[in-house]
Amino acid sequence: MLEISLFELRKTVTELEERLSSVEDEGNEWKTRYETQVELNKQLERQINILQYKVELIRGKPADKLSVIRTFDQMPVSSLKEVLKQLEEEKKSLQNQLKDYELRLEQEAKAYHKANDKRRMYLSEILQTSATRKIVERRKANAQTGKGENQILRGRYSVPGDPKMVNPQKESIKKTVEMKQLPKLKH
């Protein structure tokens, strides 16, 4: 019985040693969490102090516009210096935020213009491709229906359909061919 108890105690000791080693490994994580929380608490305390000070300033008579000045006049020089430091820190913080927002706005504007240029390029490609596709489909349809080249030319360039003008073997052309639209030149 004593041997069983001794065995169980040794087993418990080894388990506890294993837990201790795993806790030591986790120590860095918990230490980091603790330090982060302490820093966050300090920042929150500073914000609380600033807000309490602002509340005290606001508690003065709202109708009395000089109450803020009177409050500053009544404050000792050390407190005024502390308030000045806090206001300077707040100013720096706001300036940094403004710079960050300006930078972000500039980057987003560049991204917008780049995307808009790509969109325009794709739209022009789509229009060109659809126009080319329509021309090819018309040619296929005309080839399947047996229309001649003369009819394709008449439809494309608005050439009048007078057979005397189109086929010079029947008679000589007396009129000049009028075209409403000139053919496009390829570069």
Side-chain angles (χ1 to χ4, degrees), residues 1-138 140-141:
M1 210 170 162
L2 188 59
E3 287 178 8
I4 293 173
S5 174
L6 184 63
F7 175 74
E8 288 177 1
L9 284 174
R10 286 183 182 160
K11 184 178 176 182
T12 306
V13 167
T14 56
E15 288 176 2
L16 289 173
E17 286 175 349
E18 287 175 6
R19 284 186 189 173
L20 178 64
S21 65
S22 67
V23 168
E24 287 176 357
D25 292 339
E26 292 176 358
N28 291 334
E29 177 186 349
W30 287 105
K31 183 178 179 182
T32 306
R33 286 185 183 183
Y34 171 77
E35 290 172 351
T36 306
Q37 188 63 45
V38 167
E39 183 64 31
L40 181 63
N41 289 348
K42 286 180 183 179
Q43 289 177 358
L44 291 174
E45 285 176 12
R46 280 187 235 134
Q47 288 179 356
I48 288 170
N49 290 336
I50 291 169
L51 292 175
Q52 284 176 344
Y53 174 73
K54 288 181 180 180
V55 167
E56 289 174 9
L57 288 177
I58 293 172
R59 283 187 185 164
K61 296 179 184 177
D64 186 11
K65 295 182 180 180
L66 299 176
S67 66
V68 174
I69 296 173
R70 288 186 196 126
T71 305
F72 286 128
D73 284 342
Q74 295 171 357
M75 291 176 71
V77 176
S78 61
S79 298
L80 286 173
K81 287 182 181 179
E82 188 176 317
V83 169
L84 182 63
K85 285 181 184 177
Q86 289 175 351
L87 291 174
E88 286 176 352
E89 287 177 8
E90 189 175 340
K91 179 184 172 184
K92 287 179 185 177
S93 172
L94 291 173
Q95 285 176 338
N96 288 337
Q97 277 183 335
L98 181 62
K99 287 178 184 177
D100 289 342
Y101 288 140
E102 287 174 347
L103 180 63
R104 192 179 311 163
L105 182 64
E106 184 179 325
Q107 290 173 347
E108 288 178 6
K110 286 179 182 178
Y112 168 77
H113 289 297
K114 185 177 180 181
N116 197 25
D117 290 343
K118 281 187 178 182
R119 181 187 65 84
R120 286 181 183 167
M121 182 182 68
Y122 290 144
L123 280 176
S124 67
E125 286 180 15
I126 289 171
L127 290 174
Q128 287 175 353
T129 305
S130 64
T132 305
R133 185 181 56 87
K134 286 180 183 178
I135 291 170
V136 169
E137 287 176 357
R138 282 188 207 149
K140 284 183 182 179

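Computed over heavy atoms, backbone and side chain alike; hydrogens, waters and symmetry mates excluded.
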What is the distance from atom [atom1] of [X] to atom [atom2] of [Y], rounded to the nearest 0.5 Å?
X      : Y      : atom1 : atom2 : result
Glu102 : Gln95  : CD    : CD    : 10.5 Å
Leu123 : Gln128 : CG    : CD    : 11.5 Å
Gln43  : Ile48  : CD    : CD1   : 12.0 Å
Asn41  : Thr36  : CG    : OG1   : 10.5 Å
Leu84  : Lys91  : CG    : NZ    : 10.0 Å
Ile126 : Met121 : CD1   : CE    : 10.5 Å

* Asked: Can you tell me if CD on Glu137 sees more than 12 non-hydrogen neighbours from other groups inside 6.0 Å?
  -> yes

* Asked: Is it the case that more than 12 heavy atoms not belonging to Ile4 sit under 6.0 Å from its CD1 atom?
  -> no

* Counting distance only, does the side-chain N/O of Ser93 pair as donor-acceptor with the main-chain N or O of Glu89 below 3.5 Å? -> no

* Thinking salt bridges, do Arg104 and Glu108 make one under a 4.0 Å N-O criterion? -> no

* Please determine if Lys92 and Glu88 form a salt bridge, counting it only when a charged side-chain N lies under 4.0 Å from a carboxylate O. => no

* Yes or no on side-chain contact (heavy atoms from CB on, under 4.5 Å) for Gln107 and Lys110, after CA distance, side-chain angles and deciding distance? -> CA-CA 5 Å; Gln107 290 173 347; Lys110 286 179 182 178; 5.8 Å; no

* Asked: Between Leu40 and Gln37, is a side-chain contact (heavy atoms from CB on, under 4.5 Å) present by the stated rule, with each step listed?
  -> CA-CA 5 Å; Leu40 181 63; Gln37 188 63 45; 4.0 Å; yes

* Structure fact -> Shortest non-hydrogen pair, Asn116 vs Arg119, comes out as OD1-NH2, 2.9 Å

